[in-house]
Amino acid sequence: MAFTHAFTDVHGLTHTAAIMAISYIGRSGNTSTELQLNGDTYQSNMNNYHNINYRVVYWPDQAKKDEGALPMEYIHSDNSRDFNSQITEEAGLDNDALVLLAETHFKESVLNIAPE
């Protein structure tokens with residue numbers, strides 16, 4: 001699932017139709033359970049949190065990608081290559097859903113593209 005976007009990279013090069021794709025996703029999960037005494041019984045509250053870390057690559061344009069050129073790694077202005085987001089969806093997300101979550105987070109939080 002690649003998408004096209006115009007941007008200027010950290011080296012000052014402008015890409016008017018870069019092909020961007022999520023190149024790596026790592027997911028970790030955490031389940032927390034809280035118990036609270038209510039009269040003579042305990043009430044439980046369980047929360048699932050999942051963090052995704054991801055990286056993004058790009059080609060300057062579709063022609064370079066089609067020619068088999070190696071992609072470049074997207075580097076943020078603070079020199080970070082890893083991006084992350086916390087999600088609260090169920091742990092059963094399939095691979096396509098994880099890629100879509102990472103892509104959506106990248107578009108909205110890094111590239112500042114308004115949600116569709």
Side-chain angles (χ1 to χ4, degrees):
M1 294 195 288
F3 62 96
T4 303
H5 184 69
F7 74 99
T8 301
D9 66 24
V10 295
H11 306 290
L13 301 173
T14 298
H15 305 278
T16 57
I19 306 301
M20 307 185 88
I22 304 298
S23 63
Y24 164 84
I25 298 177
R27 181 178 75 176
S28 61
N30 182 27
T31 300
S32 65
T33 304
E34 299 170 353
L35 297 175
Q36 184 170 351
L37 185 61
N38 185 4
D40 291 334
T41 61
Y42 285 96
Q43 289 181 308
S44 68
N45 182 22
M46 191 166 90
N47 295 303
N48 290 316
Y49 298 98
H50 304 276
N51 293 306
I52 57 172
N53 290 329
Y54 62 91
R55 289 185 175 190
V56 177
V57 294
Y58 65 95
W59 293 263
D61 54 41
Q62 187 66 51
K64 291 296 183 199
K65 184 176 186 297
D66 293 345
E67 291 169 7
L70 293 175
M72 295 175 272
E73 190 170 40
Y74 185 91
I75 302 171
H76 199 271
S77 59
D78 66 1
N79 208 27
S80 61
R81 291 168 170 78
D82 295 312
F83 303 93
N84 58 63
S85 176
Q86 187 178 71
I87 56 175
T88 56
E89 283 81 0
E90 291 299 314
L93 291 172
D94 64 15
N95 292 343
D96 289 340
L98 285 173
V99 170
L100 183 59
L101 283 169
E103 185 178 295
T104 300
H105 180 266
F106 183 74
K107 286 177 178 178
E108 293 175 4
S109 299
V110 178
L111 298 177
N112 296 315
I113 298 174
E116 298 175 358

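Residues take their numbers from the sequence shown, with the count starting at 1.
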Verdict with supporting geometry, Arg55 and Asp82, side-chain contact (heavy atoms from CB on, under 4.5 Å): CA-CA 5 Å; Arg55 289 185 175 190; Asp82 295 312; 2.5 Å; yes
message: For Tyr74 and Phe7, take the angle between the two ring planes, folded into 0 to 90°, and tell me which bin it lands in: parallel under 30, tilted 30 to 60, perpendicular over 60.
response: tilted
Between Tyr58 and His15 the two heavy atoms that sit nearest each other are CE1-NE2, 3.6 Å
Q.
Looking at Asp66, I want to see if its CG is surrounded by more than 12 non-hydrogen atoms of other residues, nucleotides or ligands under 6.0 Å.
A. yes
request  = Find out whether Arg27 and Asn51 are in side-chain contact, i.e. whether some heavy atom of one side chain is under 4.5 Å from a heavy atom of the other.
outcome  = no
On a heavy-atom basis, the closest approach of Tyr54 and Val110 is OH-CG2, 4.5 Å
**Asked** With hydrophobic residues grouped by side-chain heavy-atom distances under 4.5 Å, do Leu98 and Phe83 end up in a single group?
**Response** yes
Please check if the side chain of Asp94 supplies one atom and the backbone of Ala97 the other of a donor-acceptor pair under 3.5 Å. yes
For Tyr42 and Leu35 the tightest heavy-atom approach is CD2-CB, 4.2 Å
ask   = Around atom CG of Asp78, are there more than 12 heavy atoms of other residues, nucleotides or ligands at under 6.0 Å?
value = yes
### Message
Can you confirm whether His105 sits close enough to Ile52 that some side-chain heavy atom of one is under 4.5 Å from a side-chain heavy atom of the other?
### Response
no
Heavy-atom count check: over 12 atoms from other residues, nucleotides or ligands less than 6.0 Å from Lys64 NZ?
no
| Is Gln36 atom CD crowded by more than 12 heavy atoms from other residues, nucleotides or ligands, each under 6.0 Å away? | no
Linking I/L/V/M/F/W/Y whenever any side-chain heavy atoms sit under 4.5 Å apart, do Leu100 and Tyr24 land together? no
Tightest non-hydrogen contact, residues Ile19 and Ala2, listed as CG2-CB, 3.8 Å
Neighbour count above 12 (heavy atom, 6.0 Å) for Met1 CE: yes
Could you see if Val99 belongs to whatever hydrophobic cluster contains Trp59? Use Ile, Leu, Val, Met, Phe, Trp, Tyr and a side-chain cutoff under 4.5 Å. no
Shortest non-hydrogen pair, Val56 vs Met20, comes out as CG1-CE, 4.3 Å
Side-chain heavy atoms of Ile75 within contact of Asp9, under 4.5 Å: no
Checklist entry - Does any non-hydrogen side-chain atom of Pro71 lie less than 4.5 Å from one of Lys65? => result no
query = Are Ile22 and Phe3 co-members of a hydrophobic cluster defined by side-chain heavy atoms under 4.5 Å apart?
reply = yes
On a heavy-atom basis, the closest approach of Val10 and His76 is CG1-O, 3.5 Å
